[in-house]
S.K.: 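Have a look at the structure that comes next, please.
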Amino acid sequence: MRKKRHFLYYAMTLVFGLATIFIIHSCNTDEYYSDELQIEENGIPRKSALSSNIINNTNSLIDSIAISDEFWEFERNSRLLADKFQAYTSTLSEEEHDKLMENLNDDDYMEEFIRKANLEKELQQMNEAKENLLLHTGFSRLSEDERISLFRQYAESHESTDKTLIKTRTEGGDANANSCEAKRQAAYAQAKADYDNAIIKCKQESSTNNYCYTQALANYERCKDIADINYKTCIGK
């Protein structure tokens, strides 16, 4: 009788143990399979996968792109390229600058300009960063408005940290000057967003891709110049 009870106890323990292992394995398998279903072949998360992490957030795809290494690398190279372009154009005389603006569609002129400005490396890095952004994130699934929104949010966050509003000798500062500066920073942010979007829209396979980039750069610089002019008008100078 005692042996039977021991055997029954052993059998129940074994069954319970096997059942527990099966349940744990089943849960892990389901979770793994569920995760696999939410990942496309190219490694880009589906919207449903993203939404499960951020409940009721319709911008979860944008959020996932905004925190990706590929997006930050794109923005880093975008800013480096713009800074180097502006550093070179700032050395040009007014006549040389006007000539540049007049010849943005002249391939031979722009090829020589790129060489003189030593932009080859930055243009290549920009091209690679753009390709990685398109291949390894869900960026290509964003609409035009969503792209602009993403670029604008990034630009606004950086413009607000890079610049400070004007302070005068009065304790509260000059409200009008601060308002004018805020408008200028908003114009800068929009210009940066439009510049980034123009870079994205340049055809990747085009042999004149670099010239498309320089056109975007020139327009970005022009928009910032207009913002500066409007700022001076706003403060009455």
Side-chain angles (χ1 to χ4, degrees), residues 65 70-137 139-140 142-152 154-156 158-159 162-163 183-233:
I65 296 168
E70 289 82 3
F71 179 73
W72 285 87
E73 188 65 13
F74 174 89
E75 285 293 351
R76 186 181 73 86
N77 282 282
S78 167
R79 188 171 289 270
L80 285 173
L81 179 59
D83 288 346
K84 190 163 185 180
F85 179 86
Q86 186 173 15
Y88 180 78
T89 57
S90 66
T91 66
L92 300 177
S93 65
E94 185 175 348
E95 182 180 352
E96 289 172 329
H97 194 274
D98 290 343
K99 187 175 182 180
L100 168 62
M101 296 301 155
E102 292 169 3
N103 289 278
L104 290 173
N105 294 316
D106 186 325
D107 291 353
D108 292 334
Y109 178 89
M110 292 311 301
E111 183 177 0
E112 180 66 12
F113 171 82
I114 290 170
R115 186 189 65 79
K116 287 182 177 179
N118 194 27
L119 290 172
E120 293 93 344
K121 179 181 177 182
E122 285 73 19
L123 288 167
Q124 178 61 29
Q125 291 175 335
M126 183 76 264
N127 210 40
E128 292 172 358
K130 170 186 169 181
E131 184 176 7
N132 286 332
L133 178 64
L134 294 175
L135 287 177
H136 302 301
T137 72
F139 188 89
S140 60
L142 297 179
S143 68
E144 180 84 1
D145 289 343
E146 287 173 329
R147 291 178 182 182
I148 291 292
S149 175
L150 173 59
F151 288 137
R152 177 68 187 254
Y154 177 89
E156 285 178 343
H158 280 258
E159 292 297 342
D162 290 346
K163 306 290 183 180
K183 291 177 182 177
R184 176 163 65 171
Q185 295 309 316
Y188 279 179
Q190 186 62 53
K192 178 63 165 59
D194 290 339
Y195 157 62
D196 285 339
N197 195 48
I199 290 290
I200 285 292
K201 293 170 73 174
C202 288
K203 293 181 179 179
Q204 193 79 9
E205 70 279 3
S206 174
S207 59
T208 59
N209 200 32
N210 286 346
Y211 310 144
C212 180
Y213 287 175
T214 51
Q215 289 174 359
L217 285 161
N219 189 60
Y220 178 34
E221 187 173 281
R222 184 186 299 115
C223 289
K224 290 195 296 181
D225 288 342
I226 292 173
D228 290 338
I229 293 171
N230 290 339
Y231 168 76
K232 291 179 180 179
T233 301

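Predicted model, so just to flag it, every value in this text is computed and none were measured. FYI, the numbering just counts along the sequence from 1.
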S.K.: Sequence neighbours left out, what passes ring-ring contact (aromatic ring centres under 6.0 Å, His included) with Y88? Give chain and number order.
M.R.: F113

S.K.: Side-chain donor-acceptor pair under 3.5 Å between Q124 and N210, yes or no?
M.R.: no

S.K.: Mind checking the CD1-CZ spacing from I200 to R147? Nearest 0.5 Å is all I need.
M.R.: 6.5 Å

S.K.: For E111, which residues count as a salt bridge (charged side-chain N to carboxylate O under 4.0 Å, His left out) partner, sequence neighbours excluded?
M.R.: none

S.K.: Using the rule given for side chain to side chain contact (heavy atoms under 4.5 Å, CB included), can you reason through N105 versus Y211, listing the C-alpha separation, both sets of side-chain angles and the distance that settles it, and then say yes or no?
M.R.: CA-CA 8 Å; N105 294 316; Y211 310 144; over 6 Å; no

S.K.: To check you understand the geometry: which heavy-atom pair defines the closest contact between A218 and L104, and what is its length?
M.R.: CB-CD1, 3.7 Å

S.K.: Kindly state each residue pair satisfying salt bridge (Lys or Arg N to Asp or Glu O under 4.0 Å) with at least one member in residues 85-104, sequence neighbours excluded.
M.R.: none

S.K.: D83: which residues meet the side chain to side chain contact (heavy atoms under 4.5 Å, CB included) condition with it, sequence neighbours left out?
M.R.: R79

S.K.: Closest approach of A227 and A187, non-hydrogen atoms and distance?
M.R.: CB-CB, 3.7 Å

S.K.: As an exercise, state the distance from OG of S78 to OH of Y154, rounded to the nearest 0.5 Å.
M.R.: 8.0 Å

S.K.: For R76, enumerate each residue passing the salt bridge (charged side-chain N to carboxylate O under 4.0 Å, His left out) test, keeping only those at least two apart in sequence or located in another chain.
M.R.: E73

S.K.: Is K224 positioned over the aromatic face of Y220, cation under 6.0 angstrom from the ring centre and no more than 45 degrees off axis?
M.R.: yes

S.K.: Counting C-beta onward and ignoring hydrogens, is there a side-chain heavy-atom pair between E144 and N197 closer than 4.5 Å?
M.R.: yes

S.K.: Rounded at 0.5 Å granularity, tell me how far CG in L133 sits from CZ in F139.
M.R.: 5.5 Å

S.K.: Using every non-hydrogen atom in the two residues, find where S140 and L134 come nearest and quote the distance to one decimal.
M.R.: OG-O, 4.3 Å

S.K.: Excluding sequence neighbours, so at least two apart, what forms salt bridge (charged side-chain N to carboxylate O under 4.0 Å, His left out) with D228?
M.R.: R184

S.K.: Roughly how far apart are L81 CG and L217 CG, rounded to 0.5 Å?
M.R.: 4.5 Å

S.K.: Please say which of K130, M126, Q215 ends up in a side-chain contact (heavy atoms from CB on, under 4.5 Å) with C202.
M.R.: K130

S.K.: Less than 4.5 Å apart, side chain to side chain, heavy atoms only: is that true for F151 and D194?
M.R.: no

S.K.: For N219, give me all partners under side chain to side chain contact (heavy atoms under 4.5 Å, CB included), at least two apart in sequence or on another chain.
M.R.: R222, C223

S.K.: Should N77 and E128 be marked as a side chain to side chain donor-acceptor pair (under 3.5 Å) after you check the CA-CA gap, both sets of side-chain angles, and the distance that decides it?
M.R.: CA-CA 9 Å; N77 282 282; E128 292 172 358; over 6 Å; no

S.K.: Kindly give the heavy-atom pair with the smallest separation between F71 and I65, and that separation in Å.
M.R.: CB-O, 3.1 Å

S.K.: Would a 4.5 Å heavy-atom cut-off, applied to side chains only, mark L100 and Y109 as touching?
M.R.: yes

S.K.: Can you sort out the partners of N118 under side chain to side chain contact (heavy atoms under 4.5 Å, CB included), two or more places apart, ordered by chain and number?
M.R.: K84, E120

S.K.: From L142 CG over to L150 CG, what is the distance, rounded to the nearest 0.5 angstrom?
M.R.: 6.5 Å

S.K.: Applying side-chain hydrogen bond (donor to acceptor under 3.5 Å, both in side chains), name anything that partners S143, two or more places apart in sequence or on another chain.
M.R.: E146

S.K.: So, using side chain to side chain contact (heavy atoms under 4.5 Å, CB included) as the criterion, who are the partners of E221 when residues are at least two apart?
M.R.: F85, Q86, T89, H97, M101, D225

S.K.: Apply salt bridge (charged side-chain N to carboxylate O under 4.0 Å, His left out) to R152 and list each qualifying residue two or more places apart in sequence or on a separate chain.
M.R.: E156

S.K.: Tell me every residue that passes side-chain hydrogen bond (donor to acceptor under 3.5 Å, both in side chains) with N132, counting only those two or more places apart in sequence or in another chain.
M.R.: none

